[in-house]
Amino acid sequence: MLPKILENRDGELQIDGVSNIELAKKYGTPLYVMSESVIREKYRNMFHAMSSKYQKIRIFYAAKANTSLSVLRILRDEGAYVDSVSPGEVFLALKSGFPSEKILFTGTSVTDDELRFLLNSGVKINIDSISELRRLLKMVTPDFISIRVNPEIGAGHHEHVITAGKQSKFGLWEDDLLKAYEIARAHGVRQFGLHMHIGSGVLNIEPFALAVERLLQIGKRVHDTLNISFDLVDIGGGFGVPYRPEEKALDIGLFSDKILSLIKQRLKEYGLGEPTLGFEPGRYIVAEAGILLSAVNTIKTTPFKKYAGIDAGFNTLIRPAMYGSYHHIVVANRMNESPCEVYDIAGPLCESGDILGRDRRLPELQEADLLAILNAGAYGFSMSSQYNSRPRPAEILVNRGKHALVRGRETLEDLLTGQEFAPWLK
Ligand code: LLP
């Protein structure tokens, strides 16, 4: 079953009313294609699910998933806020038209220069260590500070993306958190946020329920000990999407039923008032909006395997190599043909790990066939590289039959950016 934005039109895969074959012809491959309709729909789904259960909510789009200016602009138009993790993401969010008040920065291992940049930009800051807090307070006393707690419960699709619990570098543990709020208050900070992010790619509700319980218990202790109340309680992102055809989507309606009721109940019980609730979805908004188109270069048979060598590798989509992630792959120009062969789909990089899909049952492939790698809208381009000195692909935005180039394909000249010969080599 294809996601509904992808359609089989006479054996050719369309996205949002546009032929992928035409896109590949016009713009070349590899090519990232993003659907505006899906981005809007996913944002609205989440917004409606959350706002139907709680009055004051904010959706901070986690820009790290995809920082294309067009994607950011669409979300700005939808009314989103932004979760950013670097000065670069703040810069891009501002360039795409977000006002600084709508940008929250949640860094880790943050430098003084970065703090100065954030202060000059006027964005809100979410603190990840007492070290960072002390350095910030030496520069200024912000009106608002949020602090990230490690709620001791983490979750995620791979150990690399679990961001809470004993093995995590993120957030403050409870006792330090109390100290941090105390320090901030003593410096004259008057408005506070409480933040967590437990991990990424979570498809069930239980870990959120456990972590929210812990978060609010900790929040109660802060409130009771220091008489601090929170303007913002932000439960982070991590809302998963199905990558395998047989996987079930996270039920966002059920999530809001269960988790928001729990939050409301505990806020009341603990006397924490009615803070704004923050959510930081990245993948949930953009993963399913994007595909990566890639042409078949070579077909190779060994005594053990059949390989389709394509023009996209882990330079363009690192998730399979980095996390063993599954991305569904379809043959965009053979949608009516039945699978009859098993292929490993291999990229062009000189690394054995450059495999985008193992043991895929597909129609018989030929050179110049066009593959579509699904769910590439999140952590695709944003994690891409020029490894093996391959310029990065172009990116297209499609919307109900329209398409536009929103990021040009890099050229060989781009490989020279910033480089010069050392003077003694000239
Ligand atoms: N908020 C914070 C503080 C985060 O660190 C992250 C992700 C998010 C929100 C958004 O998480 P999402 O809703 O997208 O799961 N490269 C990995 C994902 C790493 C996510 C890191 N932090 C992947 O491709 O699976």
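Computed from a prediction, not measured in an experiment: that's the story for all the values here. For ligands, and for the atoms within them, numbers begin at 1 and follow the listed sequence.
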**Student:** Inspect the contact between Arg221 and Asp175 and indicate whether a charged nitrogen and a carboxylate oxygen are less than 4.0 angstrom apart.
**Tutor:**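 Salt bridge flag = yes for Arg221 with Asp175.
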
**Student:** Are any side-chain N or O atoms of Ser294 and backbone N or O atoms of Ala312, one a donor and one an acceptor, separated by less than 3.5 Å?
**Tutor:** yes

**Student:** Going by an N to O cut-off under 4.0 Å, is there a salt bridge joining Glu269 and Arg266?
**Tutor:**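 Answer for the salt bridge query: yes.
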
**Student:** Whether Asp16 and Lys402 form a salt bridge (side-chain N of Lys/Arg under 4.0 Å from carboxylate O of Asp/Glu) is what I want to check.
**Tutor:**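 Salt bridge absent between Lys402 and Asp16.
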
**Student:** Can you classify the ring geometry of Phe314 versus Tyr387 as parallel (below 30°), tilted (30 to 60°) or perpendicular (above 60°)?
**Tutor:** parallel

**Student:** Could you tell me whether the side chains of Ser68 and Asn66 share a donor-acceptor contact shorter than 3.5 Å?
**Tutor:**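 There is such a pair between these side chains.
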
**Student:** Using a threshold of 4.0 angstrom between heavy atoms of the protein and any atom of ligand 1, which residues qualify?
**Tutor:**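 Residues Ala62, Lys64, Asp83, Arg148, His157, Val161, His197, Ser200, Gly201, Gly237, Gly238, Phe239, Glu280, Pro281, Gly282, Arg283, Arg319, Tyr323, Tyr379, Met383 each place a heavy atom under 4.0 Å from ligand 1, listed by chain and number.
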
